[in-house]
Novice: 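Quick one: the structure is below, questions incoming.
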Amino acid sequence: MTKLRVLLARIGGFFTKKQADRELDDEVRAHLEMLEQENRNKGMSAEEAHNAALREFGGIEQMKETYRESNGLMFLETLMQDLRYSLRMLRRNPVFALTIVLLLGLGIGANTAIFSGIDAIMLRLLPVKDPQQLLIVEWSSQAYPQEFVTDIEGEGRHRGSGGPFDFGGNVFSYPSFTELQTHSRAFSDTVGFAGNYEHVNVGLGSHAESAILQAVSGNYFAGLGVDAVEGRTLLPQDDQDSAAPACVVSYNFWREKLGEDHSIAGKTIVIDGGAVTVAGVAPAEFFGLQPDVAPDFWVPLHLYAHEQQQLGNLDNGVPWTNDPKTWWIQAVGRLRPGISEAQARAELDIVFKQSLKPAGGVIRDKSKMPRIEVLSAKRGLGSLRLQYSKSLLLLIAMSGIVLLIACSNVAGLLLVRAAARQREIAVRLSLGARRLRLIRQLLTESLILATLGGGAGLLFALWANSALTGLLLSGRSPAHLDLRINQTVLAFTAVVSLASGIFFGLIPALRATRIQTFSALKQGASDLVRSGHWLTPGKILSGAQVGLSVPLLICAALLVRTLQDLKQVDIGFARQHLLLFNVAPGLNGYMESRLSNYYLELERRINSIPGVHAASFSTHTPVGGGIGRSGGTIPGYLTESFSFYRHVIGPGYFDSLQVPIILGRAIDLRDTQDSNFVVVINQKLAQTYFHGDNPVGHHINFGKRDYEIIGVAQDVKYGGLRNPIVPTVYLSYLQFNAIPNWMYFEVRGSGGTDALAAAIQREALNLDKNVPVSNLKTQDELIDEMLVLERTLAALSASLGALALLLACIGLYGTMAYSVTRRTNEIGVRMALGAERGTILGMVLRETLTLVLVGLAVGIPIAWAATIALKSQLFGLSAHDPATMLLASLAIVAVTGIAGYIPARRASRVDPMVALRYE
Amino acid sequence: MAAKTELLQGTLDLMVLKTLEAMGPMHGYGIARRIEQVSHEFLHLNQGTLYPALLRLTQKGWIAARWGTSENNRRARFYSLTSAGRKQLANETESWERMVEIMGRMLRGAEGA
């Protein structure tokens with residue numbers, strides 16, 4: 001109670017300061033007069049009485065100071081005083097202030113930008129109800145579980161973990177999914193969605209738009225707690241065989257493509273030629289559970305399976321919703337309160353294994369059964385996160401080092417300036433200023449600079465974020481990446497700014513106020529940072545900055561070289577003058593022989609374009625699309641089924657890619673649905689399984705039937721650029737399942753790409769104006785798109801590395817320039833005693849070089865340890881690639897050499913006569 | 001040095017409160033004089049130090065201040081004890097006396113114990 005009273009009284013006093021001062025004056029005057037009066041009554045003279053009164057009263061000014069301190073908010077007053085003083089000091093030297101703000105802005109901005117990426121991809125929770133309750137259900141097994149599954153439409157791969165359960169996947173068959181949904185007591189809701197999203201054509205009256213579609217279970221929206229902003233979401237009754245086709249539109253698509261039509265609910269929209277009723281619009285912030293895909297449409301699983309059936313995608317003769325051997329649904333469950341993840345896993349494992357029985361039949365080896373795993377889904381799932389997390393952590397570490405260098409740079413500047421203010425500080429200390437008070441004042445200045453630097457950093461980060469988004473989402477990437485400066489990011493920036501302010505401000509402030517007032521006053525302002533020998537704090541800082549920039553530059557160099565290597569990697573065929581595009585006539589109702597005729601006719605027409613050497617088609621692009629796989633055995637050579645890479649192609653494929661056939665013949669027009677089923681294999685397959693025998697004439701069995709090997713093609717890359725070459729089979733598009741309803745075309749031609757592209761568009765339009773040509777680009781462009789992550793990482797790390805080196809150079813230059821200025825006198829003496837200009841130049845350069853070499857000696861071991869973390873990102877070179885290390889070190893020596901040369905040259909130009917008079 | 005000041009400060013507050021209780025409303029000069037008289041001039045007070053003490057006591061609500069006219073017609077600030085101050089004085093007196101007793105016993109060599 002009393003404390004509160006005092007506080008209130010002080011606040012009152014703070015605002016009535018002037019009046020309080022006047023009243024105290026009056027009071028003191030009255031007191032002194034009374035004392036004087038009394039003294040005079042004792043018989044003193046007027047002057048004696050006055051002096052005695054003053055003596056008795058004691059120090060008036062000290063008393064008033066104590067009085068004022070008690071009457072008001074001392075903390076606030078000194079703070080404002082410090083702020084005013086600091087701002088005055090900064091205004092007096094705006095270049096100095098601006099330099100520091102710029103340095104900090106770059107450092108803090110880089111960190112803020114990278115952190116907003118971390119926030120978007122790693123930290124931000126899904127915009128659904130109670131995201132922390134969500135669990136992803138996955139499975140793992142010892143090997144590809146071929147007894148239970150024929151097709152995985154989603155993720156299923158070797159994890160490379162080396163553990164016994166190395167093969168893993170995230171999709172389930174519809175029967176397994178419904179079992180999990182109905183029998184799980186650990187989950188209050190189990191929602192599902194198709195593991196693959198689809199590009200679809202949406203008819204919008206006058207024209208068609210490409211959109212991304214994802215199939216979801218009927219309880220998807222309700223289970224996630226997401227409500228529609230217009231109309232309703234999908235319901236369980238929509239997800240049935242007999243239900244009318246319905247969909248939910250994303251907020252973005254609704255706003256941008258449907259004109260924010262508020263009466264959209266209930267209207268019909270045409271997706272891939274079929275009429276679908278729009279049930280409603282999803283909220284703006286909802287983009288599904290995968291942060292790397294932002295669907296435009298959500299449709300029920302049954303509708304999707306039905307569409308796939310219409311398109312001929314029946315792997316086992318039944319729709320996917322009835323097929324236990326096609327695995328295509330990802331499952332996410334909402335854990336009931338009080339149930340542990342381990343309990344949920346154990347329960348789901350039993351349900352899952354039960355559900356596999358109809359598919360597996362007699363299981364030879366129980367241990368081969370896949371088992372269930374659960375993972376937290378609160379931040380969403382998806383490859384973007386996994387893929388980018390590592391890179392982001394690397395980048396934040398790098399930008400952290402950049403900030404560290406910037407801060408030590410600023411500390412160096414402040415140290416030099418504190419030296420210039422040494423006299424002022426000495427005067428104030430000797431006049432009785434408390435050291436703590438001075439430190440506080442100097443720190444206030446640092447914090448003002450840090451705050452300004454943080455502001456500049458935010459501006460820089462805003463710019464960097466838009467550049468970063470552009471870099472990452474280049475091309476047709478369906479990713480949802482929303483870099484925002486939100487509260488989390490702002491808090492991060494604030495903390496980083498303040499921490500840097502204290503970091504770079506404290507050391508100079510402590511040093512500056514720890515001086516011998518007497519000698520400082522006598523000597524004047526030049527020797528604060530002298531500690532007896534040449535290794536000044538400034539130089540230690542410079543050496544450390546060089547040392548810190550070493551690992552950054554080496555990491556950046558490794559990543560840049562990886563990018564170059566990947567760009568130039570030998571893909572096995574000439575990538576120049578190869579144009580790729582995609583058509584999907586199956587979406588326009590083409591089927592059976594009409595469909596294959598369309599492909600052959602388009603191929604024929606393109607071949608007739610002047611300048612075209614060869615055209616062909618295939619279901620996947622040669623490099624840069626997905627890959628297909630099929631399990632097969634080779635009678636006589638391979639009894640255990642192996643999952644071969646499978647490439648489904650049209651006639652002329654090897655011609656247009658210019659891939660030589662080494663043995664036998666290529667697939668051509670002779671190979672039809674009615675002829676002998678044939679396969680071309682690659683060299684790798686021949687080498688791996690035939691051990692020198694001639695493979696031609698042998699057969700490969702893909703479960704349903706035998707394919708005769710008719711030829712061996714030279715090895716080429718397929719799928720990703722980093723993929724090694726693996727045993728691959730080429731099948732005719734007429735001899736594998738139904739005729740695919742889409743195809744990628746490969747066109748090899750000379751002349752301008754634009755002219756060729758226009759001619760292709762024209763021919764396709766002439767053939768059928770309703771079948772659009774999409775994704776028309778060169779193989780080079782496609783490879784560029786594939787390297788988005790590598791390019792982004794290389795660009796960012798190179799920028800950070802360059803920034804670090806630049807900052808280190810600025811620091812080095814500043815330190816050496818200051819050192820030269822301080823030693824003008826000494827240099828003058830040396831020259832007067834006969835030292836050559838070259839000697840002086842060499843002396844200063846040698847000092848710089850020593851600093852740089854010490855920096856390198858410290859930095860290279862750090863880099864050696866740090867680059868190990870890069871291993872998985874690199875391609876074609878080791879993490880300790882000696883050439884890269886050497887090159888980066890040489891670059892550092894060269895660049896810092898320039899920074900050191902300028903002050904050295906100035907030192908050598910010193911006029912001894914002027915220098916000797918200089919003090 | 002610091003310990004002494006602190007002791008002095010604490011005791012000064014108590015002396016002011018006691019003076020005001022005994023003498024009624026008084027101005028700073030009067031309070032200083034009275035303290036000097038009671039201490040038989042043993043205590044030499046820098047009279048200025050009284051004013052920060054008076055401010056502190058006012059802020060705590062133990063004394064109240066108002067402007068008035070002194071016996072020889074000077075404008076002066078008069079301080080008087082509030083009821084909270086009276087209570088505080090009683091408490092302080094009691095604990096002070098206890099402390100004196102303890103210290104006394106301690107210094108005499110704790111005879112009975």
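Every heavy atom of this structure was used, including side-chain atoms; hydrogens, water molecules and symmetry mates were not. Quick note on labels: first sequence line is chain A, next is B, and so on, each numbered from 1.
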Novice: Please name all residues satisfying side-chain contact (heavy atoms from CB on, under 4.5 Å) with Phe492(A), sequence neighbours left out, ordered by chain then number.
Specialist: Asn111(A), Phe115(A), Ile396(A), Val496(A)

Novice: Which residue, Arg75(B), Arg77(B), His27(B), forms the side-chain contact (heavy atoms from CB on, under 4.5 Å) with Glu27(A)?
Specialist: Arg77(B)

Novice: Where on Leu32(A) is there a heavy atom nearer than 4.5 Å to chain B: the side chain, the backbone, both, or neither?
Specialist: neither

Novice: Please name the pair of heavy atoms, one in Tyr29(B) and one in Met34(A), separated by the smallest distance, quoted to 0.1 Å.
Specialist: CD2-SD, 3.4 Å

Novice: So which bits of residues 78-93 of chain B come within less than 4.5 Å of chain A, counting non-hydrogen atoms only?
Specialist: Tyr79(B)

Novice: With a 4.5 Å limit on heavy-atom distance, are the side chains of Asp26(A) and Arg74(B) in contact?
Specialist: no

Novice: Under a 4.5 Å heavy-atom cut-off, does chain B meet the side chain of Gln37(A), its backbone, both or neither?
Specialist: side chain

Novice: Checking an interface table here. Which of residues 57-66 of chain B come within a heavy-atom distance under 4.5 Å of chain A?
Specialist: Gln59(B), Lys60(B), Gly61(B), Trp62(B)

Novice: Output all residues satisfying side-chain contact (heavy atoms from CB on, under 4.5 Å) with Ala52(A), sequence neighbours left out; order by chain, then residue number.
Specialist: Asn39(A), Met44(A), Arg55(A)

Novice: Counting only heavy atoms not in Lys42(A), do more than 12 sit closer than 6.0 Å to its NZ atom?
Specialist: yes

Novice: Nearest 0.5 angstrom please: Tyr67(A) OH to Thr49(B) OG1, how far?
Specialist: 13.5 Å

